[in-house]
**Q** 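Quick one: structure below, then a few questions.
Lettering of chains follows the sequences in order, A, B, ..., and the numbering in each one begins at 1. Excluded from the calculations below are hydrogen atoms, water molecules and symmetry mates; all remaining heavy atoms, backbone and side chain alike, are included.
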Amino acid sequence: MTPVHTSPTPVTPEVAHRLHRAITEWYAGAHRDLPWRDPDCSPWGILVSEIMLQQTPVVRVLPRWLEWMRRWPTPADLAEAATADVLRAWDRLGYPRRALRLQAAAQAIRDHHGGQVPDDHAALLALPGIGSYTAAAVTVFAFGGRQTVIDTNIRRVHARVVSGVALPGKSLSAAETRLAEDLMPEDRKLSVRWNQAVMELGALVCTARSPRCHECPVSADCAWLAAGSPPPAVAPRGQAWHGTDRQVRGAVMAVLRGADAAVPEDWLTVAHEIRIDGSVPLARGAEKPLEKLLSLDAPEQQRRRAVDGLVADGLAVRTDGGIALP
DNA sequence: TACACGTGGCT
DNA sequence: TAGCCAAGTGT
């Protein structure tokens, strides 16, 4: 292995070997027992888990994944489902466009890959909703390929252990990619375990806010810890939420998921016409989303922008009766 | 490159 | 409590 010179302290083959051994041994005893890690889990199940886990915590994915796999155990099953059912099953996982793209991916798998999830990295990358990370993850975790997986957890572990900084930069750099590639064990089977183990270390121990360095198997080799755990160079910019278009889109989607008929557009866009007295033809359970929509007190213009955006994104459609799930 | 895109638990 | 954060992708 070529020494890595992208950090203040180059990673020698000896250090790399020590990291491989320490982190994979830690993984063997400390990893979470998740259903998509079961040796019997299908590539489709793993692909579904990877999409659901994008920007979403494991605890929230678990119940949705179990229900999803029960209803649509193969790509062909999901390909043929009604999109409105797919969006309702996605429930409150967030970023519902992922559900749309997952169904589109299922249709592409049915139409162009004989119904089988492709094991080829390039073919995976060509599917809707699958980018660099997910293509690599499926290649590795579903098919045991030797690919460099880089997610936010892995970036953080590398940033601390090797580069000695608290957090990685906003976007993935070429140097980071090269570091990750250079750190990969040559042996294919070990590389699979390495990818999985570093990710898990970042998720359970080397966390963003309060890392548990006393539990870390590589604390002795950690450049960040050795440097005295310096704080991040630049404080990450907070994610705005209250009053944003996203919040309003989310509220509108919640209403549409709970409705058993098209919702008149004015009820969504004109605040004073949204009522929660039970006279609106919405399914039971929709009251709460409606209350949320009301409490937002979002300007009419913003509500219209949200509805227009949802329609433009294919998450909703305009019908004679109003707005509905597609 | 930077921004838009959901949601809810945790500190 | 207000803000941070979570297995990213598409434009």
Side-chain angles (χ1 to χ4, degrees), chain A residues 31-32 34-37 45-65 87 90-102 104-105 124-142 147-157 166-174 180 195-204 206-211 231-232 234-257 288-289 292-293 296 302 305-306 308-310 312-315:
Chain A
H31 74 270
R32 292 166 293 181
L34 302 168
W36 45 87
R37 287 178 177 163
I46 290 169
L47 193 163
V48 170
S49 79
E50 292 298 344
I51 300 290
M52 289 184 169
L53 286 163
Q54 290 168 4
Q55 302 283 283
T56 310
V58 165
V59 284
R60 206 177 316 159
V61 166
L62 209 39
R64 293 296 101 225
W65 184 87
L87 288 171
W90 193 260
D91 197 42
R92 305 185 70 81
L93 262 187
Y95 294 135
R97 45 174 56 176
R98 289 183 295 168
L100 238 39
R101 291 177 180 148
L102 182 53
L124 286 163
L125 202 48
L127 295 173
I130 295 192
S132 169
Y133 162 76
T134 304
V138 172
T139 300
V140 172
F141 304 139
Q147 274 281 151
T148 308
V149 178
I150 304 178
D151 79 325
T152 188
N153 290 307
I154 290 175
R155 291 185 67 208
R156 191 171 52 248
V157 172
L167 295 172
K170 285 206 69 171
S171 54
L172 182 64
S173 69
N195 281 136
Q196 185 74 90
V198 176
M199 200 180 312
E200 190 78 336
L201 185 68
L204 299 184
C206 195
T207 55
R209 219 93 66 90
S210 307
V234 280
R237 253 181 54 200
Q239 304 172 6
W241 174 247
H242 183 75
T244 61
D245 286 6
R246 267 198 292 184
Q247 185 184 29
V248 181
R249 282 172 60 114
V252 172
M253 279 299 291
V255 171
L256 296 181
R257 280 196 306 267
K288 189 173 178 184
K292 283 182 116 175
L293 190 63
L296 286 178
Q302 188 178 35
R305 190 160 65 238
D308 287 344
L310 291 171
D313 288 347
L315 287 163

**Q** Does a side-chain N or O of A:Arg92 approach OP1 or OP2 of B:dG8 to a distance below 4.0 Å, or not?
**A** yes
**Q** Round to a whole Å and report the spacing from CG of A:Leu315 to P of B:dG6.
**A** 7 Å
**Q** Whole angstroms only, please: what is the CE-P distance between A:Met253 and B:dG6?
**A** 8 Å
**Q** Mind checking A:Gly94 for me? I need base, sugar-phosphate or nothing, with any heavy atom below 4.0 Å counting as a touch.
**A** base
**Q** OP1 or OP2 of C:dT9 less than 4.0 angstrom from a side-chain nitrogen or oxygen of A:Thr134, does that happen here?
**A** yes
**Q** Can you tell me how far P of B:dG6 sits from CG of A:Leu53, to the nearest Å?
**A** 18 Å
**Q** Just the rounded figure in Å: distance from P of B:dG8 to CG of A:Leu62.
**A** 17 Å
**Q** Taking atom types as modelled and ignoring hydrogens, do the side chains of A:Tyr133 and A:Glu50 form a donor-acceptor contact shorter than 3.5 angstrom?
**A** yes
**Q** For the P atoms, the ones on B:dT11 and on C:dA7, what distance do you get once it is rounded to whole angstrom?
**A** 15 Å
**Q** Just to confirm, is there a sub-4.0 Å distance from OP1 or OP2 of C:dA7 to any side-chain nitrogen or oxygen of A:Arg32?
**A** no
**Q** Nearest whole angstrom, please: distance from the P of B:dG6 to the CG of A:Asp313.
**A** 7 Å
**Q** Both A:Ser171 and A:Arg246 contact DNA chain B. Which one's nearest nucleotide lies toward the 5' end?
**A** A:Ser171
**Q** Ignoring backbone atoms, establish whether A:Arg257 has a side-chain N or O less than 4.0 Å from OP1 or OP2 of B:dT7.
**A** yes
**Q** Can you tell me the distance, in whole Å, between the CD1 atom of A:Ile154 and the P atom of C:dG8?
**A** 10 Å
